[in-house]
Each structure stands twice: as C-alpha cells, then as structure tokens.
Amino acid sequence: MEIAKNIKMIDNLQCQLLSLVSQLFLSMQDNNTSTAERAEILANIEVILYLLSDKLGVSSKTLDQKAISRIKVGLLKEYNSEEWKASLLGILHHLDNRK
C-alpha cells in the first residue's frame, strides 16, 4: 500500500513539475508577466524538485552537493563566457551559504 502511495505522489509531482515548466515558458513569452510572478513559478519548481528528490531517495543535501559539483565543472570549461562563470559563481556561493 505504501509503495502505491509513493508512486502516486511521484506521478503527481511529475505532473506539477511539467505544469510549472510550461507556466515558466509561457511567462517568458508574455511581456506582461512580472519578475515577482516568474520568481513564484521558479520557487515552486525548486520546491517540487526537492520533494521529488526526497521521494526518489535523494536527500536535499545530496542534491545540493551534486549541483555544486556540476557548477564547479561548468566553471572549469573554457568555452563559458565570463558572464556565465560569474553567474555560476553566484549560485555556488548561494549553495555554499545554505550549508
């Protein structure tokens, strides 16, 4: 019974994630969407990702560590622009401060 409940919750989270990504793409096309509205959508995506990772057996700490590793790899790539590297460093500092 517990397995079926988890599968149903994972399916629900997947649907919510797809819906939010769709909302984000539509908001990027709509010039009338405010930054606050886009921030709300992005925050909802972040929450869904953490909930989904938990249901899939990946802790939020592990998820953050994997993101940090990806960012560090991105910083080492020579073809990334300085602006891109600055953005990655900003995210890296943010994640490091959450520890």
Identify the residue among I41, T33, L18 that makes a side chain to side chain contact (heavy atoms under 4.5 Å, CB included) with Q23. I41
I need the full list of salt bridge (charged side-chain N to carboxylate O under 4.0 Å, His left out) pairs touching residues 66-85, with sequence neighbours left out, sorted by first then second residue. none
CD1/I7 to CD1/I10 distance, rounded to the nearest 0.5 angstrom? 7.0 Å
Between L13 and K55, which heavy-atom pair has the shortest distance, and what is it? CD1-CG, 4.1 Å
I need the K5 NZ to I3 CD1 distance, nearest 0.5 Å. 13.0 Å
What pairs of residues pass the side-chain hydrogen bond (donor to acceptor under 3.5 Å, both in side chains) test when at least one of them lies in residues 43-54, not counting sequence neighbours? E46-R98, Y50-D64, Y50-R98
Rounding to 0.5 Å, atoms NE2 (H93) and CG (N97) come to a distance of 8.5 Å
Considering all heavy atoms of both residues, which atom of G74 and which atom of L88 are nearest to each other, and what is their separation? C-CD1, 3.8 Å
Look at atom CE of M28 and say whether more than 12 heavy atoms of other residues, nucleotides or ligands are closer to it than 6.0 Å. yes
Euclidean distance, S19 OG relative to I45 CD1, rounded to 0.5 Å: 9.5 Å
If you measure from CG on L49 to OG on S60, what distance do you get to the nearest 0.5 Å? 12.0 Å
Single-linkage hydrophobic cluster L24~I91, side-chain heavy atoms < 4.5 angstrom: no
Please tell me whether I48 and L26 are part of a single hydrophobic cluster in this structure, the criterion being side-chain heavy atoms less than 4.5 Å apart. no
Quick one: CD on E40 to OG1 on T35, what's the gap to the nearest 0.5 Å? 13.0 Å
same_hphob_cluster(L95, L63) at 4.5 Å side-chain heavy-atom cutoff: no
Between L92 and I68, what is the shortest heavy-atom contact and its length? CD1-CG2, 3.6 Å
